[in-house]
Amino acid sequence: MRGRGRPIGMTTWRPLAALTDLMVPELCGGCGRPGAPWCGRCAAALADVPVELTPRVPLPVTAWALGRYRGPHREAIIALKEHGRRDLADPLGQALAFGLVELHRWTELPDRSRLRLIPAPTRLAAARRRGGDPVTAVCRCAADHLGSRVRVAAILRTRALTRDSAGLSAAQRSANLSGSVRLVRDRSTPMPRPGEDVAVLVDDVLTTGATAAESVAVLAAAGVVVDAVLVIAGA
Ligand SMILES: [Zn+2]
């Protein structure tokens with residue numbers, strides 16, 4: 001029966017996968033409603049003004065969040081990080097851009113011509129498994145929305161032995177993080193210049209503030225003055 005029918009295997013799974021994609025309705029990454037990958041209601045919730053946070057671990061700069069860790073903020077972060085919804089980097093980046101403009105308008109950020117967004121460190125292995133660091137992707141989308149004077153400085157990494165912090169208590173997180181953030185320099189990553197650039201540390205969630213505190217300290221030791229911390233959601 002050679003030549004009749006199509007062999008089942010590598011030649012057929014690709015078109016089948018494409019067909020499956022077509023049949024699955026687009027679901028909003030914030031509320032799960034069908035129709036659009038990010039609905040107007042969730043976009044409006046994310047475009048609210050930033051809220052000031054009071055982290056348990058004290059920070060030398062003010063920490064802000066686009067909102068609390070619930071509703072569309074929480075769902076979007078989980079969808080982006082855990083369910084591979086890379087398409088959500090753009091609406092989140094847009095919301096981040098809006099938050100940065102608001103903070104600047106409130107004079108909570110210094111009035112300098114250039115802005116550097118520094119993504120909080122991610123464990124490299126974890127980032128690779130998730131298809132690249134989602135926070136860096138959100139920062140890049142925000143920079144695209146804000147123009148050429150805004151760039152992403154992905155200069156922080158966590159050391160290889162650090163455990164992923166998901167599921168750890170506040171004390172465990174601090175212990176897990178101590179000495180875990182390091183600075184990387186290479187020609188492609190612009191180092192923020194004190195007095196010339198506004199430097200904002202960006203993360204998806206701020207829980208205890210331990211990651212942010214250590215990141216700000218590591219940056220300060222390298223001569224980078226962080227002007228503010230801005231996260232998508234504050235716990
Ligand atoms: Zn929605």
Side-chain angles (χ1 to χ4, degrees), residues 17-55 63-106 108-109 115 117-120 122 126-147 150 152 154 164-167 200-209 211-212 228-235:
L19 189 66
T20 309
D21 280 349
L22 286 174
M23 294 186 316
V24 173
E26 277 190 310
L27 300 178
C28 172
C31 64
R33 284 191 190 88
W38 189 248
C39 77
R41 206 182 298 194
C42 288
L46 227 64
D48 205 351
V49 293
V51 288
E52 190 175 338
L53 302 173
T54 45
W64 303 88
L66 300 181
R68 295 286 166 188
Y69 190 61
R70 61 185 174 220
H73 295 80
R74 178 176 180 273
E75 296 310 315
I77 290 168
I78 292 171
L80 176 70
K81 286 178 71 176
E82 312 298 335
H83 304 307
R85 285 289 304 267
R86 306 295 293 179
D87 60 303
L88 295 180
D90 191 59
L92 290 173
Q94 217 172 110
L96 187 70
F98 177 81
L100 288 162
V101 170
E102 281 298 288
L103 291 179
H104 183 260
R105 206 167 60 83
W106 297 348
E108 291 290 344
L109 293 176
L115 170 63
L117 303 177
I118 308 172
T122 314
R128 275 192 211 109
R129 272 203 308 275
R130 295 167 188 153
D133 173 30
V135 175
T136 303
V138 171
C139 285
R140 290 201 198 288
C141 290
D144 286 347
H145 284 288
L146 290 168
V150 182
V152 179
D164 213 347
S165 64
V200 176
L201 180 76
V202 178
D203 207 350
D204 50 2
V205 183
L206 190 141
T207 38
T208 63
T211 310
V229 173
L230 179 58
V231 298
I232 295 166

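Remember, it's 1-based here, ligands and their atoms both numbered in the order they're listed.
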Looking at every heavy atom in both [X] and [Y], which two are closest together, and how far apart are they?
X: Leu117; Y: Ala143; answer: CD1-N, 4.4 Å
X: Pro119; Y: Cys139; answer: CG-SG, 4.1 Å
X: Gly29; Y: Trp38; answer: C-CZ3, 3.7 Å

Measure from the side-chain N and O atoms of His73 to the backbone N and O of Leu66, and report whether any donor-acceptor pair falls under 3.5 Å. yes
Okay, side chain of Arg86, backbone of Gly132: is any donor-acceptor separation there less than 3.5 Å? yes
Near the Zn ion (ligand 1), meaning under 2.8 Å, the protein N/O/S atoms are Cys28 SG, Cys31 SG, Cys39 SG, Cys42 SG
What residues form a salt bridge (charged side-chain N to carboxylate O under 4.0 Å, His left out) with Asp87, not counting sequence neighbours? Arg85
